[in-house]
Amino acid sequence: MFRGLRVPGKGIRPSPNPARERLTRVGGRLKISLLLAPAVLVIGTLFIGGLYAALIQSLGYFPAIGQTEMSLSAYREVLSSGYFVDSLVLTVYVAVASTVISTTLAVLGALALRRSSGTVSAVVFQIPITIPHLVAAVGIALVVSQTGLGARFASALGLVGEPSDFPALLYDKYSVGIILTYVWKEVPFVALVVLAGLRGVAAELEEVAQTLGANAWQRFWHVIFPVIAPGVVAASLIVFAFTFGAFEVPYLLGQDFPTMLPVTAYNDYRSIELSDRPGAMAINIIIAVITALFAAAYLRLSRSLGRG
Amino acid sequence: MTAKLEIKNLSHRYRKGEEFAVSDLSLDVEPREFVALLGPSGCGKTTALKVISGLLAPTSGDVLVDGESILGVPPERRRAAMVFQKSLLFPNMSVEENVGFGLRMRKAGREESGRKVADALRQVRMDGFAYRRPGELSGGQQQRVALARALVTEPRLLLLDEPLSALDANLREEMRALVKRLQREGGYTTVFVTHDQEEAVVLADRIALLFGGELQMYDEPEAFYDRPASREAARFFGATNFIEGEAKNGSVDTPLGKLRLERSASPGETTLTIRPEAVRLDESGGENSFPATVSSATYLGTQVHYELEASGVVLRAALPPHVRLKKGDEITARLPAESLWALE
């Protein structure tokens, strides 16, 4: 009975043409794939190709020395050796210590600087990021070695007798020099991630919490931390993965034995015995697997924190 | 629970050398009173509210609650709950946890807290949503929860910073009624910031009009229509007719002739104002009437807006739609004595 009131074509969405929509969708996907192709090609060749080569060598496929049969013997040998276990323990210790210290200092630093101007945080946090790890390692060595600036200052201030009495912080069993370098380099990285979260909605939520009667600690624990947690977790995951697998700083500042896993793998790789090569590759694959496992666990945690 | 709020000579600027965002503001808000801080954006109303809440420290002046200065009291101990333009619900907490936040921070007992949260949710008609996350609520529902979260703490002062401006028109009207009802029932001393004069008129017992950080007028809503304090105040409330003249012997000499006012003006030069909807057509030519020409007409459905020209003065008139005039018509207009107001 209301047919007369209807105006054909007015207020009604025109019926879609499914074939045309599908074509547009396919065209869009093709465009994205083509745009991504160069990056995927480079990453695929260098990363996945490299990983594949390492994997088959670790399984004993090494035609250069006449080995073409695949087996897990390199893994058995590596996992049963004492030096590997010592190396693994040292690596986990350095990576965990560097991550925990960096993250804690970064969160405290970001909380302290969150109300400062952008210039202050740029100077404090962004400059160390631009300095390569290698340069940072040399800088730390110049400051904390027993002949370095720190030792001379401590001696001049009467804190130690001679500069050589300064505690050995390089090439030591606690890897203090390595951890210091990582902390110096990674605090700014984590802090910038935290700072971005703090300057966004967290600042407004904190004001609300304050007017509702929350004191400084309650505001941090109940309001700010849950907001910044996904960022903190993601950033600390990157720090952990990096410090677990990085080579140059432990190579420069680490003790001779045990060495961290990447240095152990490098030493085995450089061995004059080509038969050590599958063992070196097995260590590399183990590093990759451990890092990937941590990445997966952290990402899962990060997602559940994000959901609150 | 209800408190008297006094703001004394309050000034605030964000940085040295900058202009004052709020300048020498003084206001008294009586217990249980609902005051609207009204003004265009950037007039300093939110700054004033943040100073009252303690989120900003004033450059000078004082804020007193029940006669005692609260400047030294941190925001978390002022019991001045604030609701913002955005609902700002804690995203990691359910609706129930959000509403109970203030009570938990105060370490209220679980039973007391549960009862008060349930009551507050019922008051804002959100009792079926206790376990939802903020992301699962609409904008209006989120703002209702934010309101409940503030009220459950039984604040001495309720500070509302444009809480309805992000909502669409229908929802805004519904929320206005809710805010008004809750404020009346709870008797909270309330300061409400808004740039919407209609909202201020509907909700507030008194309105403080701010321009450029300075208080222009502080009075009951009707006064802003009947007896505005300044040309700016009159214009903000839609009075667009200003007639210059000189007051003597109880009437005012103007280019339109001698106009009589019901409320006499002090002698000397003055500006008269009248609202467009108070202008009348009067063929009988009584008191305060004069010939005028229609220079434009705009049909708005429920009203027609006319521009009338008389002796070099342009007047705006809003007349009901059944009076249909067209450009060029010669008419007799009348300015009723009871609707004319002489600005100070």
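In what follows, chains are A, B, ... by sequence order, proteins preceding strands, each numbered from 1. Both backbone and side-chain heavy atoms feed into the values below; hydrogens, waters and symmetry mates do not.
Of the listed residues B:Gly54, B:Ala80, B:Gly135, the one with more heavy-atom pairs under 4.5 angstrom with chain A than any other is B:Ala80.
The CG atom of B:Leu88 sits 12.5 Å away from the CD atom of A:Glu206 when rounded to the nearest 0.5 Å. One finds the CG atom of A:Leu212 at 12.5 Å from the CZ atom of B:Arg79 (value rounded to the nearest 0.5 Å). For the atom pair OG of B:Ser53 and CD of A:Gln210, the computed distance is 8.0 Å after rounding to the nearest 0.5 Å. Here the OG1 atom belonging to A:Thr211 is positioned 11.5 Å from the CZ atom belonging to B:Arg78, to the nearest 0.5 angstrom.
Contact detail for B:Leu89 and A:Leu205: the closest heavy-atom pair is O-CD2, 3.7 Å. Taking every heavy atom of both residues into account, A:Gln218 and B:Met105 meet most closely at NE2-O, 3.0 Å. The minimum heavy-atom distance between A:Ala214 and B:Glu76, with the atom names listed, is O-CB, 3.4 Å.
Residue A:Tyr93 places its OH atom among more than 12 non-hydrogen atoms of other residues, nucleotides or ligands, all under 6.0 Å distant. Counted within 6.0 Å of CD on B:Glu185, heavy atoms from surrounding residues, nucleotides or ligands total more than 12; the atom is thus considered enclosed. The environment of A:Tyr174 atom OH is sparse: at most 12 non-hydrogen atoms of other residues, nucleotides or ligands sit within 6.0 angstrom. Open room surrounds NZ on B:Lys86; 12 or fewer heavy atoms of other groups in view lie less than 6.0 Å from it. For B:Arg77, the CZ atom is loosely surrounded, since the number of other residues' heavy atoms within 6.0 Å does not exceed 12. Other residues, nucleotides and ligands contribute only 12 or fewer heavy atoms inside 6.0 Å of the CD atom of B:Glu68.
Side-chain atoms of B:Phe90 and A:Val208, non-hydrogen and from C-beta on, do get closer than 4.5 Å to each other. Residues B:Phe84 and A:Glu204 fail the side-chain proximity criterion, which asks for heavy atoms closer than 4.5 Å.
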